[in-house]
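Whatever order the structure lists ligands and atoms in, that order sets their numbers, starting from 1. Numbering of residues begins at 1 and proceeds along the displayed sequence.
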Amino acid sequence: MAFLLLSYPERGAIWRRVFHEAGEDLWVGTDEVRDAAAVTHLACWQPPDLSAYPNLRVLLSVGAGVDHMPPLPPGVALVRTVAPGIDRMVRDWVVMGTLMLHRDMPAYLDAARQGRWCQRPVRLAGSRRVGIMGMGRIGRLAAETLAGLGFEVAGWSRSGTPVPGIEIHGAAGLDAFLARTDILICLLPLTRSTRGILNAGLFAKLPQGAHLVHAGRGAQLDMAALSGALDAGRLASAMLDVTDPEPLPADHPAWADPRIVITPHVAANTDPEEGARHALAVLMAWRAGQTLPGLVDPEAGY
Ligand code: NDP
Ligand code: OXD
């Protein structure tokens with residue numbers, strides 16, 4: 001049995017220390033793979049050719065998402081990193097994005113570039129209805145914080161699982177959820193049912209002049225539809241942390257659109273120490289024959 005981490009050297013050094021302190025051996029980088037057949041656990045962001053590891057049992061994404069992983073050979077479990085630090089980082093980015101759009105920051109940034117002093121009406125948070133698509137670990141945390149700031153928050157999820165204090169809409173309630181949403185936040189995983197979900201049809205169901213905060217995955221958003229919705233006034237502004245492709249090419253029109261603010265997929269970056277502890281917990285659970293923390297449902301359609 002061997003645990004292999006494929007990542008950059010700084011993360012490798014921290015994982016090695018955390019594993020060493022727990023009495024576990026860790027191989028870091030392909031140059032340490034003395035016996036590929038011994039590798040049972042593999043942690044990475046960009047997956048290698050898995051056929052090189054015939055006895056692989058667990059593939060661990062060092063991030064929260066797993067949509068970039070290839071189809072798995074039979075008998076291999078897919079695990080994502082679940083860590084409070086990731087949830088808090090993305091929550092912070094989403095709160096920043098929501099406040100930026102609520103307080104018209106794209107328009108102020110544009111005015112500032114032109115040296116224009118241009119005051120706009122100021123509204124209370126309580127006058128905006130925020131709607132969060134994806135009420136999982138991160139969505140629930142964001143909902144709680146945004147509600148605490150005074151926004152009227154609702155959430156939408158497949159199951160419609162109740163969240164105390166938050167108005168929740170299930171899968172069938174999407175239209176009603178969109179109709180009451182002034183600032184739409186996407187925190188959905190990328191699956192076959194969420195690919196392209198942020199499209200012209202969906203934008204048409206939002207109130208005129210709504211805003212979009214997107215931290216899910218780039219392939220959920222139709223960029224041409226976004227631009228059309230902005231031109232039509234259906235949407236007033238957007239804040240994106242994820243795009244398709246990534247990196248977004250330098251000549252993509254979205255970069256120059258003053259109504260869109262883009263950050264380069266930096267809402268979260270897994271803290272290496274937290275990531276290593278999660279990996280250790282996965283290893284311990286696997287040895288004990290317990291459910292792996294962060295285990296991904298193979299039916300989810302990633
Ligand atoms: P969770 O798995 O905890 O939550 C996912 C939520 O999405 C659940 O509420 C789930 O509903 C809902 N959902 C899934 N599929 C559908 C669907 N087809 N229709 C409606 N709702 C659906 O995930 P996290 O909160 O941990 O993370 C969410 C995503 O955030 C990640 O997958 C990743 O894409 C993104 N992310 C982005 C980062 C960044 O840096 N930009 C960093 C980290 C994460 P239910 O529970 O009812 O099934
Ligand atoms: C992740 C991400 O999935 O960085 O952790 O998006």
>> Testing the 3.5 Å rule here: is there a donor-acceptor pair between the side chains of Arg57 and Thr40?
In response: no
>> So that I can tick it off, tell me whether Glu273 and Arg11 are bridged by a salt bridge, with the cut-off set at under 4.0 angstrom between side-chain N and carboxylate O.
In response: no
> At what distance is the nearest protein heavy atom to atom 48 (O) of ligand 1, and which residue and atom is it?
Replying inline: Arg158 NH2, 2.6 Å
> For ligand 2, is any non-hydrogen atom under 4.0 Å from His68's backbone (N, CA, C, O), its side chain (CB onward), both, or neither?
Replying inline: neither
> How close does the nearest protein non-hydrogen atom get to atom 5 (C) of ligand 1, and which residue and atom is it?
Replying inline: Pro189 CD, 3.7 Å
> Looking only at protein heavy atoms, which one is nearest to atom 47 (O) of ligand 1, and how far off is it?
Replying inline: Ser159 OG, 2.4 Å
> Quick one: nearest non-hydrogen protein atom to atom 41 (N) of ligand 1, plus distance?
Replying inline: Asp241 OD2, 2.9 Å
> Taking only heavy atoms of His265, which atoms of ligand 1 are found under 4.0 Å from at least one of them?
Replying inline: 39 (C), 40 (O), 41 (N)
> Name the one of Leu101, Leu184, Leu230 that satisfies side-chain contact (heavy atoms from CB on, under 4.5 Å) with Leu235?
Replying inline: Leu230
> Do the side chain of Thr191 and the main chain of Ser193 share a donor and acceptor less than 3.5 angstrom apart?
Replying inline: yes
>> For atom 6 (C) of ligand 1, which of the options Ala83, Ser193, Gly136, Gly65 provides the nearest non-hydrogen atom?
In response: Gly136
> Counting from 1, what ligand 2 atoms have a heavy atom of Gly65 closer than 4.0 Å?
Replying inline: 1 (C), 3 (O)
> Relative to the heavy atoms of Ser157, which atoms of ligand 1 are at a distance of less than 4.0 Å?
Replying inline: 9 (O), 11 (O), 20 (C), 21 (N), 47 (O)
> With a cut-off of 4.0 Å, which atoms of ligand 1 are near a heavy atom of Ala267?
Replying inline: 39 (C), 40 (O), 41 (N)
> Is any side-chain N of the basic residue among Asp182 and Arg129 closer than 4.0 Å to the acidic one's carboxylate O?
Replying inline: yes
>> Counting only heavy atoms not in Gln119 (residues, nucleotides, ligands), do more than 12 fall under 6.0 Å from its CD?
In response: no
> Quick one: does Glu32's side chain have a donor or acceptor within less than 3.5 Å of a partner on Val28's backbone?
Replying inline: yes
> So which heavy atom in the protein is nearest atom 3 (O) of ligand 1, and how far is it from that ligand atom?
Replying inline: Arg137 N, 2.9 Å
> Checking Thr181 side chain against Ile183 main chain: does a donor-acceptor pair fall under 3.5 Å?
Replying inline: no
>> Strictly below 4.0 Å, N to O, side chains only: are Glu24 and Arg287 in salt-bridge contact?
In response: yes
>> At less than 4.0 angstrom from any non-hydrogen atom of Ala64, what atoms of ligand 2 do you find?
In response: 1 (C), 3 (O), 5 (O)
> If you count the atoms of ligand 1 from 1 in the order shown, which ones are under 4.0 Å from a heavy atom of Ala64?
Replying inline: 43 (C), 44 (C)
> Nearest protein heavy-atom contact for atom 33 (C) of ligand 1: which residue, which atom, what distance?
Replying inline: Arg217 NH1, 3.7 Å
> Under 3.5 Å, is there a donor-acceptor pair between the side chain of Glu246 and the main chain of His265?
Replying inline: no
> In the protein, which heavy atom is nearest to atom 40 (O) of ligand 1, and how far is it?
Replying inline: Ala268 N, 3.2 Å
> Counting each atom of ligand 1 from 1 as listed, which ones have a heavy atom of Thr194 under 4.0 Å away?
Replying inline: 17 (C), 18 (N)
> Can you find a non-hydrogen atom of Met133 under 4.0 Å from ligand 1?
Replying inline: no
>> Less than 4.0 Å is my threshold; does some heavy atom of Trp93 fall inside it relative to ligand 1?
In response: no
>> Please list, in number order, the atoms of ligand 1 under 4.0 Å from a heavy atom of Gly216.
In response: 34 (O), 35 (C), 37 (C)
>> Closer than 3.5 angstrom, by distance alone: can the side chain of Ser7 be matched with the main-chain N or O of Gly12 as a donor-acceptor pair?
In response: no
Tell me which donor-acceptor pairs under 3.5 Å the side chains of residues 76-89 have, and how far apart each pair is, sequence neighbours excluded?
unit_1	atom_1	unit_2	atom_2	d
Arg80	NH1	Ala64	O	3.1
Thr81	OG1	Ser61	O	2.6
Asp87	OD1	Arg137	NE	3.4
Asp87	OD2	Arg137	NE	3.0
Asp87	OD2	Arg137	NH2	2.7

>> Aromatic contact between Phe151 and His102, with the criterion being ring centroids under 6.0 Å apart: yes or no?
In response: yes
>> Hydrogens and angles aside, do Thr263 and Trp93 bring a side-chain donor and acceptor to less than 3.5 Å of each other?
In response: yes
> Just by modelled atom types, is the Tyr302 backbone N or O under 3.5 Å from a matching donor or acceptor in the Asp67 side chain?
Replying inline: no
>> If the contact criterion is a heavy-atom separation under 4.0 Å, does Arg217 count as touching ligand 2?
In response: yes
> Purely on distance, is any nitrogen or oxygen of Met135 under 3.5 Å from one on ligand 1?
Replying inline: yes
>> Under 4.0 Å, heavy-atom basis, I'd like to know which part of Arg80 is in contact with ligand 2: side chain, backbone, both or neither.
In response: neither
>> Suppose I only count heavy atoms of Leu187 and a 4.0 Å limit; which atoms of ligand 1 are within that range?
In response: 28 (C), 29 (C)
> Which atoms of ligand 2 have any heavy atom of His265 under 4.0 Å away?
Replying inline: 2 (C), 4 (O), 6 (O)
>> Below 4.0 Å, non-hydrogen atoms only: which portion of Arg80 touches ligand 1? Side chain, backbone, both or neither.
In response: side chain
> Of the choices Val82, Ile138, Thr191, Asp67, which has the non-hydrogen atom that lies closest to atom 44 (C) of ligand 1?
Replying inline: Ile138
> Just by distance, do the side chain of His41 and the backbone of Leu283 share a donor-acceptor pair under 3.5 Å?
Replying inline: no
> Which is closest to atom 37 (C) of ligand 1 in terms of heavy atoms, Ala215, Gly134, Gly170, Ala142?
Replying inline: Ala215
>> Need the ligand 1 atom indices (1-based, order shown) with element for anything under 4.0 Å from a heavy-atom of Trp156.
In response: 19 (N), 20 (C)
> How far is atom 42 (C) of ligand 1 from its nearest protein heavy atom, and which residue and atom is that?
Replying inline: Val90 CG2, 3.4 Å
> Are any of the side-chain nitrogens in Arg17 or Glu21 under 4.0 Å away from the carboxylate oxygens of its partner?
Replying inline: yes
